[in-house]
**Q** 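Would you mind keeping the following structure in view while I ask a few things?
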Amino acid sequence: MTAAPNREEKTIAEHETLKYSLLGPSLTKSGQDNVDQNKVSEIIYNASKGSKYFNNEEARDKNLTQKIERILTKKRQLEKLDLASDRRKADEYIAELELSRDLSQVVVHIDCDAFYAAVEELDRPELKDVPFAVGGGVLTTCNYHARKFGCRSGMAGFVAKKLCPELIMLKLNFDKYTAKAQEVREIIVDYDPRFESASIDEAYLNITEYCRRNDIGPEEAVEQLRREVHEKTKITISAGIAANAKLAKICSNMNKPNGQFSLPRERNAIIAFMRDLPTRKVNGVGRVFERELDAIGVKTCGDIYQYRQYLAKLFGDKAFAFLMQCYLGLGRTTVQPAEEYERKSVGTESTFGEMGNPVELRDKLRATAEELEKDMVRTQFKGRTLCLKVKLHTFEVFTRQVIPPKAVYIAEDLYKYSVPMLSKLEQEFPGMKLRLMGLRCTHLVSMKKPDTMAFFGFKRKSTSDQPESESPSSDTAKRKADSLDNDGEGQWESWPDELLFEDAERQEREDEMQELETLSQEIDKRRHHGKEIVPNPKKGEEVEEEWWDCPICGRPQATSEREFNEHIDLCLSRQTIRDVVQETAESRSRDQTPVPKRAKMGTEKGREKGVPGDPKQRRLCFG
DNA sequence: GCGGATCAC
DNA sequence: TATGGTGATCCGC
């Protein structure tokens, strides 16, 4: 074969993958079954061709193709080697995972059907029979009529219009969706008071206890839940019922919309289910990983097994572990409120018309900093690291970060420390024009006043043999109260908005805050020092009684939050902050026990992400 | 630890 | 005319 046709073939092949990529990330969403994807792909391709976005996508696609070439080359090398040891390691891992299999829990994933569109339809019934979408330049979602034309979430508005010229575009009414989501959560809380919001329209529930208490089967319970939600909110939801969250999530997509699917909680049924399941159906496998897996011959989760000896070397240990769990159909069986997840960053970004003027760019940076300050104040965090993100007019994305001398959150500081990064980028890309700018703080430090047990990480542990002590009703009430506290106000009463103060006073406050922050970190570290600080049930009969070791004086303290806070206040006033920090540092150096890591939020590759307990975010959620 | 990349929603 | 915002994780260096 000559070189020319080969190159041509390659170009065609590359365009095929590009076209596939251009279809967007939500290809697996429902409503696309009877759509001629080739036709849709052609329209999208032609609508996009030549644009800067297209060119960038093309470049990315070429890079991925090269990356896949490298993967294949590596695989061919591995094939020549003796991988018996790798196969044995994989088999040992599988055996180990198998031992951890827990089929005792009934986990449910629920997902509102085309949620934003459904809410809009309630207000405007005439929309029911016409294709329409919600969102601005990019579709946030669209109804099922629109999906028949190939429209999808994440698609550019003008492309959607090409696919469906009659498409009606609606602006987002975020408050409306939030209110509706709240209605839904008020119902599902009765099925699991500790349900977990995955987003505004998705939630995980563990209904094991509900089924036991009401002597009802899981499928029947979920049918009842869906019926109840529909009757009371007029929203239809789809649900998946399975032994763990990963499977439940997959199952909720099986009979969408307005349907449910239950996967038996039996090993054989689960293995059989995974065997024929395309990898892309698993949460965490996106367009890229799907292509990479496909390239080596893995199309379904069942295919994973025969390639097990290659996976770690080709994709890394994390991906290996993830894939093994996919093959076995394993996932977490725990469900917990989103507020209990720990936030790791706060950021803001925005897109705008091409901008290259350095003065304008600095104005934009200042505005971005001011936006971020609002979010930092709202969430009560400072950041030890500040990250600047820019997207050039070519759609290329770059990030740069700094560690300011102190934790930051005030716009002035955010700006001051990010300007040099912007200047450096301007040097790096002379005449650069941006279409997006963003700022993000990471390595967060809490600014919450240290007067609650929650601050120290103490949570009332429900006595396991006393489920009534944490009855659904009381928890519901508490969680409803939480949701009303939507701005985190009331936790910072004695420290009003910084902006109200004159600069000098502000500085003073800041220094004080800095000290508090240092204290909080020290105590935080110490808290994680050992399990011994967690609440211990008192020996004896009174199981309800609990006590805590004060993290400052070390003495055991009473159980009520009020008493505990009073003690902490007393302790703090007796001992200066400096003393505490000193003492804590000493105790740390005495005790060489490694600080236990916080519970990880997700599993490998960001699977099973939770939503941080940020009010802004929480507003988006059921939880 | 940094920067790029991927992923979910 | 023209393709989002927020947050998380993983990998290679």
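Chain A is the first sequence line, chain B the second, and so forth, proteins listed ahead of strands; every chain is numbered from 1.
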**Q** Rounded to whole angstrom units, what separation is found between the CZ atom of A:Phe158 and the C1' atom of C:dG4?
**A**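 Roughly 14 Å, once rounded to whole Å.
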**Q** Between C:dG12 atom P and A:Arg70 atom CZ, what is the distance in whole Å?
**A**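 Rounded to whole Å, this separation is 10 Å.
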**Q** In whole Å, what is the span from the CD1 atom of A:Ile250 to the C1' atom of B:dA8?
**A** 14 Å
**Q** On DNA chain C, check which nucleotide each of A:Lys391 and A:Asp317 is closest to and give me the residue with the more 5' one.
**A**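 Closer to the 5' end of DNA chain C: A:Lys391.
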**Q** Using a 4.0 Å heavy-atom cut-off, does A:Gly137 contact any base of the nucleic acid, only the sugar-phosphate backbone, or nothing at all?
**A**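 No contact.
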**Q** Quick one: is A:Asn63 getting a side-chain N or O under 4.0 Å of the B:dG4 phosphate, OP1 or OP2?
**A**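 No, outside the criterion.
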**Q** Is any side-chain N or O of A:Lys249 closer than 4.0 Å to OP1 or OP2 of B:dC9?
**A**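 Answer yes for this pair, as a side-chain N or O of A:Lys249 is under 4.0 Å from OP1 or OP2.
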**Q** Write down the distance separating the C1' atoms in B:dC7 and C:dG4, rounded off to the nearest Å.
**A**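 My reading of the C1' atoms in B:dC7 and C:dG4 gives 15 Å.
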**Q** Over how many whole Å does the gap from A:Lys389 atom NZ to C:dA8 atom P extend?
**A**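 Roughly 13 Å, once rounded to whole Å.
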**Q** To the nearest Å, how far apart are A:Arg440 CZ and B:dG4 C1'?
**A** 15 Å
**Q** Can you tell me the distance, in whole Å, between the CZ atom of A:Phe352 and the P atom of C:dT1?
**A**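 Nearest whole value for this atom pair: 22 Å.
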**Q** Just wondering, do A:Ile110 and A:Val108 contact through their side chains at under 4.5 Å, heavy atoms?
**A**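 Sidechains of A:Ile110 and A:Val108: in contact.
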**Q** Does A:Ser48 get its side chain close enough to the base of C:dT3, under 3.5 Å, for a donor-acceptor pair?
**A**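 Side chain to base: pair present.
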**Q** Just compare B:dT6, B:dG1, B:dC9 and give me whichever is closest to any side-chain atom of A:His443.
**A** B:dG1
**Q** Compare the minimum distances between each of C:dT3, B:dG1, C:dG5 and the side chain of A:Phe395, then state the nucleotide with the smallest one.
**A** C:dT3
**Q** Among the candidates B:dC9, C:dG5, C:dC11, find the nucleotide nearest to the side-chain atoms of A:Lys318.
**A** C:dC11
**Q** Can you tell me if the side-chain N/O atoms of A:Thr399 get under 4.0 Å from OP1 or OP2 in B:dG4?
**A** yes
**Q** Can you tell which of B:dC9, C:dA8, B:dG4 lies closest to the side chain of A:Lys344?
**A**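 Nearest nucleotide to the side chain: C:dA8.
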**Q** Under 4.0 Å, counting only non-hydrogen atoms across every strand here, what does A:Thr351 touch: a base, just sugar-phosphate, or nothing?
**A** sugar-phosphate
**Q** At less than 4.0 Å, is any side-chain N or O atom of A:Arg60 found next to OP1 or OP2 of B:dT6? Yes or no.
**A** yes
**Q** Return the value, rounded to whole Å, for the distance between atom CE of A:Met437 and atom C1' of C:dG5.
**A**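 A:Met437 atom CE is separated from C:dG5 atom C1' by 16 Å.
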**Q** For C:dG5 and A:Thr348 - does any side-chain N or O of the residue sit under 4.0 Å from the phosphate oxygens OP1/OP2?
**A** no
**Q** Contact class for A:Phe54 vs. all strands (heavy atom < 4.0 Å): base, sugar-phosphate, or nothing?
**A** nothing
**Q** Would you kindly compare A:Val138 and A:Ser345 by the position of their nearest DNA chain C nucleotide and give the one closer to the 5′ end?
**A** A:Val138
**Q** To the side chain of A:Ser350, which of B:dT6, B:dG3, C:dG5 is closest?
**A** C:dG5
**Q** What is the distance from CG of A:Asp111 to P of B:dA8, rounded to the nearest Å?
**A**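 That distance rounds to 14 Å.
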**Q** Tell me every residue that passes ring-ring contact (aromatic ring centres under 6.0 Å, His included) with A:Phe132, counting only those two or more places apart in sequence or in another chain.
**A** none
**Q** I want to check one thing: is the phosphate of C:dA2, taken as OP1 and OP2, less than 4.0 Å away from some side-chain N or O of A:Arg435?
**A** no
**Q** Using the six-membered ring of A:Phe54, assess whether NZ or CZ of A:Lys49 lies under 6.0 Å from its centre and within 45 degrees of the ring axis.
**A** no
**Q** Just by distance, with hydrogens left out, do A:Glu120 and A:Tyr177 show a side-chain donor and acceptor under 3.5 Å apart?
**A** yes
**Q** So, using ring-ring contact (aromatic ring centres under 6.0 Å, His included) as the criterion, who are the partners of A:Phe149 when residues are at least two apart?
**A**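 A:Phe149: no ring-ring contact (aromatic ring centres under 6.0 Å, His included) contacts found.
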**Q** Strictly by modelled atom types, are A:Tyr20 and A:Glu290 linked by a side-chain donor-acceptor pair under 3.5 Å?
**A** yes
